[in-house]
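Input: a single structure, listed below in structure tokens.
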Amino acid sequence: MRTMTIFRSGFLAASIIALSSGSALADYELNILHINDLHSRIEAINKFDSTCSAEEEGKGECFGGVARLKAAIDAQRQALSGKNVLLLNAGDNFQGSLFYTTYKGAAEAEFLNLMKFDAMTVGNHEFDDSEDGLATFLDKVQFPVVTANVAAGAGSKLGDRIKPFIVLDQGGQKIGIVGAVANDTAELSSPGPNVLIGDDVADITAAVAELKKQGVDKIIALTHVGYPRDLAAIAKIPDIDVVVGGHTNTFLSNTSDKAEGPYPTLVDNPGGYKVPVVQAGAYTKYLGNLKVVFDDAGVVKEASGEPILIDSKIKPDEAVLARIKELSGPIEELKNKIVAESSAPIDGSRETCRAAECAMGNLVTDAILDRTKDQGITIAITNGGGLRASIDGGPVSMGEVISVLPFQNTVATFQLKGSDLVAALENGLSQIEEGAGRFPQVSGLKYSFDKSKPAGSRVVSVEVKEGDAFVPLDPAKIYGVVSNNYMRSGGDGYSVFAKFGQNAYDFGPNLELVVADYLAAHQPYKPYTDGRITEVAASTPATVDAATGTEAKPATSTETAAKSTEGAATTGDAASDAATTTEAKPAASTDTTAKSATEGTATTTTSEAATAGGKHIIARGDTLWDLAKAAYGDGTLWRKIAEANGNPRPRALHVGNELSIPAK
């Protein structure tokens with residue numbers, strides 16, 4: 001097995017000399033088209049990132065899919081005819097639809113080949129079926145795969161087909177591509193004993209040294225390590241010129257308030273130059289489109305671009321559509337496949353799961369907790385509205401499981417303080433009278449509530465499982481929590497997960513597959529409820545603060561967030577109720593929690609009061625877009641306000657907080 005080495009060396013002198021020499025040759029322009037985190041979205045997706053229906057397609061409400069993506073790539077290549085163009089893939093093509101479940105990467109390989117990628121790095125999900133699944137994919141792809149920190153042992157089926165780097169010739173210039181996957185891939189996925197995952201920075205650094213020896217002075221890091229890691233570490237590796245990333249499904253843009261940063265995001269490299277970092281969302285919804293201009297020393301002097309939205313304006317490739325239809329036959333068979341047996345009906349009814357403990361809630365939370373227990377996770381929570389059907393007793397088909405969990409959501413893990421966990425439960429109980437989908441189904445946890453109390457003070461007690469016993473929740477303790485990616489990103493009012501969840505990972509396996517596996521491992525499955533959620537009588541004299549164990553007074557303010565449509569995927573009520581979002585204007589603020597007594601009393605104002613060069617107290621419904629429009633007459637200048645105030649989440653502004661409105 002190749003030994004992972006930490007190689008640190010500076011290759012700055014040549015660049016410094018070239019920059020100071022005063023001699024200039026012709027600039028070199030390189031156009032980089034890129035995708036990341038396709039996640040088997042072979043078919044088009046809707047606004048919730050699940051498979052788009054024929055009705056939605058007819059209304060022009062679909063995005064992406066490989067047929068539309070290929071058409072967009074072809075059109076952009078045509079527009080750039082005669083110029084230097086690369087098409088790069090930053091990994092995680094596997095996992096996310098029944099096309100992957102059925103074909104185990106073969107379908108993804110077939111369609112990626114049609115798009116003619118120049119290079120790809122592996123993502124952690126490429127190892128979900130161990131090295132066997134990736135080996136099958138590598139057998140079929142017709143483009144190079146580069147990942148410097150993946151080392152295959154002598155007995156590995158991967159052989160030497162994953163290279164640390166490659167050198168491509170574009171317009172008479174040598175372009176180095178070096179790849180990397182997340183350092184914790186062995187924990188996130190299943191590479192197996194024959195594959196070693198090394199350190200991204202150390203192994204990219206070693207690869208860069210080799211590229212420099214070959215006279216390559218234009219080097220692109222093609223990574224699947226995540227946007228924060230790209231900014232903090234990869235872009236600062238000496239002689240890296242451009243970073244094209246994936247893993248965190250990050251949408252970057254210069255025009256949309258939904259963006260997590262500008263496209264490209266420029267990072268200062270120790271070599272004295274700026275490195276453009278890009279990522280293009282996920283699920284084929286965007287095609288990254290970056291133009292980079294290098295000077296004659298191989299240093300980036302200009303970087304610009306904007307992701308291309310793959311919406312209904314782009315006509316899908318007809319040949320690809322026909323092939324998708326052909327491949328979908330066995331998928332219908334899979335839906336009919338019997339995956340388990342249940343000894344009795346599993347109640348997933350709306351009436352039960354949005355108001356009390358239900359058997360389906362226990363099944364789903366038990367399943368995701370079981371899948372993640374080896375990661376230090378002890379508590380599971382899911383929204384009752386994300387459970388869309390019951391399952392009859394007897395044989396259970398995959399189609400039935402998909403009917404319960406139709407949103408293609410993924411398992412999401414994070415760490416959370418006990419006090420914040422109580423706040424999450426309060427949110428889940430805040431709209432119980434309305435039958436809201438946020439009602440919390442749980443595992444590894446017991447709680448009681450009094451719905452006669454005001455929203456925000458309904459939790460009576462909370463206990464967590466330690467060993468075989470339940471003990472009172474510790475408000476100061478950090479707990480490992482598993483949920484779904486929709487809730488983790490703040491959906492259904494669970495903004496506490498988005499704000500305070502630590503070490504979040506939103507891209508686990510799909511919920512429906514985890515539940516199907518759990519049913520299969522426990523068949524015949526016996527549905528049950530066990531009293532983990534208890535409603536206390538309205539006559540209870542006092543509510544106990546679950547975080548402190550003392551009598552609690554009614555809260556003076558509550559989080560009454562409307563369902564968020566933000567995030568990579570959606571579950572529960574949002575599937576039917578959420579309003580259509582646009583790429584330009586943010587939805588109204590969903591966090592309406594007033595400031596606490598220690599922060600002062602909130603003053604209600606309106607966005608119309610926002611003036612350039614002044615202050616503004618956030619009122620319910622304020623958005624950065626509207627504030628910018630009021631202050632500057634132009635909503636697209638919202639980022640000026642965001643940057644002046646520490647970049648708050650545009651759609652989760654705290655009511656009562658003060659914002660500085662910079663002068664125009």
Value rounded to 0.5 Å, distance of CD in E333 from CG in L98: 12.5 Å

Measure the shortest side-chain to side-chain distance between T248 and P228 over non-hydrogen atoms and say whether it is less than 4.5 angstrom. yes

Give, for atom OG of S443 and atom CD1 of I368, the distance between the pair rounded to the nearest 0.5 Å. 8.0 Å

Donor-acceptor contact below 3.5 Å, side chain E357 vs main chain D530: yes

Looking at side-chain heavy atoms only, is the closest gap between E512 and V404 below 4.5 Å? no

Check the angle between the aromatic planes of F449 and F439 and answer parallel, tilted or perpendicular using the 30° and 60° thresholds. perpendicular

With heavy-atom distances below 4.5 Å as the criterion, would you say the side chains of V464 and T378 are in contact? no

Please report the interatomic distance CD(Q408) to CG(L513), rounded to the nearest 0.5 Å. 9.5 Å

Those residues at least two apart in sequence (or on a different chain) that pass salt bridge (Lys or Arg N to Asp or Glu O under 4.0 Å) with D366 are R532

Do the side chain of Y447 and the main chain of P440 share a donor and acceptor less than 3.5 angstrom apart? yes

Closest heavy-atom pair, P191 versus T185, reported as atoms and distance to 0.1 Å, is CD-O, 3.9 Å

State, with a plain yes or no, whether a side-chain heavy atom of N249 is found less than 4.5 Å away from one of D506. no

Pairwise side-chain contact, F94 with D128, heavy-atom cut-off 4.5 Å (strictly under): no

List the steps, then state whether side-chain hydrogen bond (donor to acceptor under 3.5 Å, both in side chains) holds for N124 with H224. CA-CA 8 Å; N124 52 288; H224 193 86; 3.1 Å; yes

How about D184 and Y505: do any of their side-chain heavy atoms sit closer than 4.5 Å? no

What closest approach, in Å, do L511 and V411 show between heavy atoms, and which atom pair accounts for it? CD1-N, 3.6 Å

Apply the test side-chain contact (heavy atoms from CB on, under 4.5 Å) to residues Y100 and D129: give CA-CA distance (whole Å), side-chain angles for both, the deciding distance (0.1 Å), then the verdict. CA-CA 11 Å; Y100 178 74; D129 283 288; 2.5 Å; yes

Taking atom types as modelled, find out whether N336 and S397 have a side-chain donor-acceptor pair closer than 3.5 angstrom. no

Assess, by modelled atom type and distance only, whether the side chains of T529 and N362 contain a donor and an acceptor separated by less than 3.5 Å. no

Rounded to the nearest 0.5 Å, what's the gap from CG on D492 to CG on N383? Could you check? 5.0 Å

Residue list, side chain to side chain donor-acceptor pair (under 3.5 Å) with E535, at least two apart or on another chain: none

If only atom types and distance count, is the side chain of S189 paired as donor or acceptor with the main-chain N or O of F127 below 3.5 Å? yes

Heavy atoms only: give me the nearest M487-F497 pair and the separation to one decimal. O-CD1, 3.6 Å

Criterion side-chain contact (heavy atoms from CB on, under 4.5 Å) on E43 and C52, from CA distance to verdict: CA-CA 7 Å; E43 297 176 297; C52 209; over 6 Å; no

Would the distance check show the side chain of H39 and the main-chain N or O of N93 forming a donor-acceptor pair, the cut-off being under 3.5 Å? no

Hey, is the main chain of G361 close enough, under 3.5 Å, to the side chain of T365 for a donor-acceptor pair? yes

Any chance the side chains of S53 and E56 put a donor and an acceptor closer than 3.5 Å? yes

With sequence neighbours excluded, what pairs up with D92 under the salt bridge (Lys or Arg N to Asp or Glu O under 4.0 Å) test? none

With no hydrogens and no angle check, just 3.5 Å: does a side-chain donor-acceptor pair link S461 and S448? yes

Tell me if a side-chain donor or acceptor on E126 pairs with a main-chain N or O of G91 at a distance below 3.5 Å. no

Just how far is it from atom CD1 of I377 to atom CG of D370, taken to the nearest 0.5 Å? 13.0 Å

Is there a salt bridge (charged side-chain N to carboxylate O under 4.0 Å, His left out) between R458 and E433? Walk through the geometry before answering. CA-CA 12 Å; R458 290 176 168 173; E433 301 91 344; 2.2 Å; yes

Run the side-chain contact (heavy atoms from CB on, under 4.5 Å) check on N36 and T250 step by step: do they pass? CA-CA 9 Å; N36 55 275; T250 304; over 6 Å; no

When you measure from the side chain of T352 to the backbone N and O of S349, does any donor-acceptor pair fall under 3.5 Å? no

Would a distance-only check, ignoring hydrogens and angles, find a side-chain to backbone donor-acceptor pair under 3.5 Å from Y494 to Y486? no

Test side-chain contact (heavy atoms from CB on, under 4.5 Å) applied to E131 - qualifying residues, sequence neighbours left out: S156, K157, L158, N194, V195

Heavy-atom pair of closest approach, residues A389 and S403: CB-O, 3.8 Å

List the atom of C353, the atom of L387, and the distance in Å for their closest heavy-atom pair. SG-CD1, 4.1 Å

Check A516 against M398 and note the closest heavy-atom contact, atom names and distance. CB-SD, 3.8 Å

Residue pairs meeting side-chain hydrogen bond (donor to acceptor under 3.5 Å, both in side chains), one or both in residues 516-527, sequence neighbours left out, come to R371-D517

Rounded to the nearest 0.5 Å, what's the gap from CG on N183 to CG on D200? Could you check? 4.0 Å

Taking V459's backbone N and O only, do any of them form a donor-acceptor pair with E426's side chain (distance below 3.5 Å, no angle check)? yes

M360 vs D347, test: side-chain contact (heavy atoms from CB on, under 4.5 Å). Steps then yes/no. CA-CA 6 Å; M360 190 65 75; D347 179 19; 6.0 Å; no

Would you say Q441 and V364 make side-chain contact, with heavy atoms under 4.5 Å? no

List the residues meeting side chain to side chain donor-acceptor pair (under 3.5 Å) with E466, not counting sequence neighbours, and say none if there are none. K477

Using a 4.5 Å cut-off on heavy atoms from C-beta on, say whether the side chain of I381 contacts that of L445. no

